[in-house]
Amino acid sequence: MEIIHVSAECYPVAKAGGLGDVVGALPKYQTKMGHHAKVVMPMYKTKFLHKHEWLVDFKGRANLGNWWFDFTVIKEKHNILGFDLYLIDINGLLDREKIYGYDDDPQRFVAFQICVLNWLSHWQHKPDVVHCHDYHTGLIPFMMKHCYPYAMLADVPTVITIHNAQYQGWMGWDKSTFLPPWDTWKGGLLEWKGVINPLASGIKCAWKVTTVSWSYLQELRQSANGLEALFEYEKGKCAGILNGIDADVWDPSLDTYITKQYDLKTFEEGKGESKKILCEQFNLDISKPLIIFIGRLVGEKAADVLPDAILSSMYAHPGQVNFLILGSGESHVEWRLSQLAHSFQGNYNVVIGYNEKLSHQMYAGADFLLMPSRVEPCGLNQMYSMKYGTVPVVRNTGGLRDTVVDMGDWQGWGIRFNHATVGDIVYSIGRAVNVFQDKTHLNWMRQHMMQIDNSWENSVQQYLNIYQSLK
Ligand code: ADP
């Protein structure tokens with residue numbers, strides 16, 4: 001099958017979170033399984049762009065209302081990612097350093113989607129499926145079905161995968177003039193609660209909707225940042241498919257970011273060496289458990305609770321536990337986490353920012369990974385930590401619920417809690433401190449979780465089954 005993935009992120013080209021990881025891996029595994037997967041994304045100003053060679057695939061002209069612009073589709077020459085990668089270049093609009101966070105993001109992503117469809121509608125043949133990811137590509141199913149210039153694409157099946165329903169791309173109706181001509185009586189397919197809602201439109205118009213875990217799909221019917229009723233109404237065409245992890249990038253026996261690679265037999269030495277390096281670098285006590293947090297410092301991840309939870313854990317277990325935090329996000333959380341470093345020297349440190357290499361070293365060197373997320377559509381961190389033998393300490397939600405079994409349950413290897421509160425977190429840290437003392441149990445858990453198969457092959461087959469069902 002020929003599958004076109006349309007996304008704002010794709011690792012290693014540009015990544016802000018799990019969306020990038022998934023779009024960097026899913027097409028690769030689809031190609032390995034004999035399909036022809038392609039990714040098309042915006043051309044940002046990234047290191048990847050400058051390091052690789054590109055061919056011009058298509059040049060076109062498009063418009064957002066009265067504003068006309070030229071665009072170019074370029075293709076990576078050597079297929080180094082294991083699938084065809086196309087970038088859309090719109091001078092001045094997409095070629096910026098950050099992926100998101102600009103005032104004109106609505107224009108940027110609408111223009112991107114229009115260019116994708118202009119390009120596809122010039123093909124001599126049609127792809128088997130167009131697979132959209134998150135709200136940045138949520139208007140594509142509507143445009144393929146209802147915008148006159150794309151009538152030739154109306155019978156191409158569309159799938160939208162929701163990696164995060166918190167962000168929906170809301171736009172005022174004044175922006176409706178950006179879209180190519182369509183029947184105005186179909187406006188209801190763009191709207192949710194009085195505004196244009198690209199994610200809601202994707203859910204209404206795509207032939208099939210997937211979420212990145214089964215539990216998240218169930219939760220969205222109760223809590224979806226305003227879209228609950230829509231998820232309830234459309235439940236018949238929704239499915240939950242758990243993300244996999246990319247074994248080419250996340251495998252402690254191959255990982256070149258860590259000093260001493262390790263596997264099931266050598267994990268004690270390998271993890272020990274990584275922990276030693278981290279503890280030296282960040283002034284932590286190697287004899288005590290090392291608990292890490294990696295991620296966006298936002299409410300969804302319950303990052304606002306972290307400073308108080310760490311403070312209380314430090315008082316509950318004085319000198320008995322280390323914390324190392326890597327992340328960036330809301331400035332007051334960054335500030336409070338930075339302040340803690342003054343109070344708990346020798347047992348606490350924080351790195352504010354984004355650092356891919358350090359994240360690998362932390363998954364390898366830590367004993368526990370804390371994820372108190374309020375919302376977690378799938379969560380990749382806990383799967384990476386499991387692969388690296390680091391015990392996940394997670395809130396019982398979304399993909400965390402689907403991937404982590406509490407050590408109190410039969411053959412469990414993780415620590416789960418119910419509420420993103422200081423009390424629940426401190427209690428769970430206490431359980432971590434206790435199990436750290438029981439090396440036999442801890443090592444059994446590590447070995448057990450390192451063997452869990454969270455590879456992509458299984459999930460890829462589920463996506464293929466969905467595409468087949470749409471033929
Ligand atoms: P989300 O997509 O909601 O941010 P996921 O758990 O699905 O969360 O994916 C997060 C991905 O981003 C993981 O690969 C994680 O290691 C990475 N990540 C998040 N924050 C940072 C950071 N500050 N530095 C390095 N990697 C990070």
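Note that ligands are numbered from 1 as they come in the structure, with each ligand's atoms numbered from 1 the same way. Treat the numbers as computed from the prediction; the structure is a model and nothing was measured.
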Expected rows: ligand 1 N/O, protein N/O, dist below 3.5 Å:
{"from": "ligand 1", "atom 1": "2 (O)", "to": "Gly18", "atom 2": "N", "distance (Å)": "2.5"}
{"from": "ligand 1", "atom 1": "3 (O)", "to": "Arg296", "atom 2": "NH2", "distance (Å)": "2.9"}
{"from": "ligand 1", "atom 1": "3 (O)", "to": "Lys301", "atom 2": "NZ", "distance (Å)": "2.8"}
{"from": "ligand 1", "atom 1": "4 (O)", "to": "Arg296", "atom 2": "NE", "distance (Å)": "2.8"}
{"from": "ligand 1", "atom 1": "6 (O)", "to": "Leu380", "atom 2": "N", "distance (Å)": "3.0"}
{"from": "ligand 1", "atom 1": "6 (O)", "to": "Asn381", "atom 2": "OD1", "distance (Å)": "3.0"}
{"from": "ligand 1", "atom 1": "8 (O)", "to": "Lys301", "atom 2": "NZ", "distance (Å)": "3.1"}
{"from": "ligand 1", "atom 1": "9 (O)", "to": "Gly18", "atom 2": "N", "distance (Å)": "3.2"}
{"from": "ligand 1", "atom 1": "14 (O)", "to": "Lys15", "atom 2": "NZ", "distance (Å)": "2.9"}
{"from": "ligand 1", "atom 1": "14 (O)", "to": "Asp21", "atom 2": "OD2", "distance (Å)": "2.7"}
{"from": "ligand 1", "atom 1": "16 (O)", "to": "Tyr363", "atom 2": "OH", "distance (Å)": "2.8"}
{"from": "ligand 1", "atom 1": "23 (N)", "to": "Gly353", "atom 2": "O", "distance (Å)": "2.8"}
{"from": "ligand 1", "atom 1": "24 (N)", "to": "Asn355", "atom 2": "N", "distance (Å)": "3.0"}

_I'd like to know whether Asn164 forms a side chain to side chain donor-acceptor pair (under 3.5 Å) with Asp134, so could you lay out the CA-CA distance, the side-chain angles of the two residues, the decisive distance to 0.1 Å, and finally the verdict._
CA-CA 7 Å; Asn164 195 331; Asp134 274 353; over 6 Å; no
*Could Asp424 and Arg416 be called an ion pair, given the rule that one side-chain N must be under 4.0 Å from one carboxylate O?*
no
*Does anything in residues 239-259 pair up under ring-ring contact (aromatic ring centres under 6.0 Å, His included), and if so which pairs, sequence neighbours excluded?*
Trp250-His360, Trp250-Tyr363, Trp250-Tyr384, Tyr257-His360
*Parallel, tilted or perpendicular for Tyr388 and Tyr262, by the 30°/60° rule?*
perpendicular
*Who passes side-chain contact (heavy atoms from CB on, under 4.5 Å) against Asn458, sequence neighbours left out?*
Gln462
Kindly list each side-chain donor-acceptor pair under 3.5 angstrom involving residues 230-238, sequence neighbours excluded, with atom names and distances?
{"from": "Glu232", "atom 1": "OE1", "to": "Arg221", "atom 2": "NE", "distance (Å)": "3.1"}
{"from": "Glu232", "atom 1": "OE2", "to": "Lys235", "atom 2": "NZ", "distance (Å)": "2.7"}
{"from": "Lys237", "atom 1": "NZ", "to": "Ile203", "atom 2": "O", "distance (Å)": "2.7"}
{"from": "Lys237", "atom 1": "NZ", "to": "Lys204", "atom 2": "O", "distance (Å)": "2.9"}
{"from": "Lys237", "atom 1": "NZ", "to": "Ala206", "atom 2": "O", "distance (Å)": "2.7"}

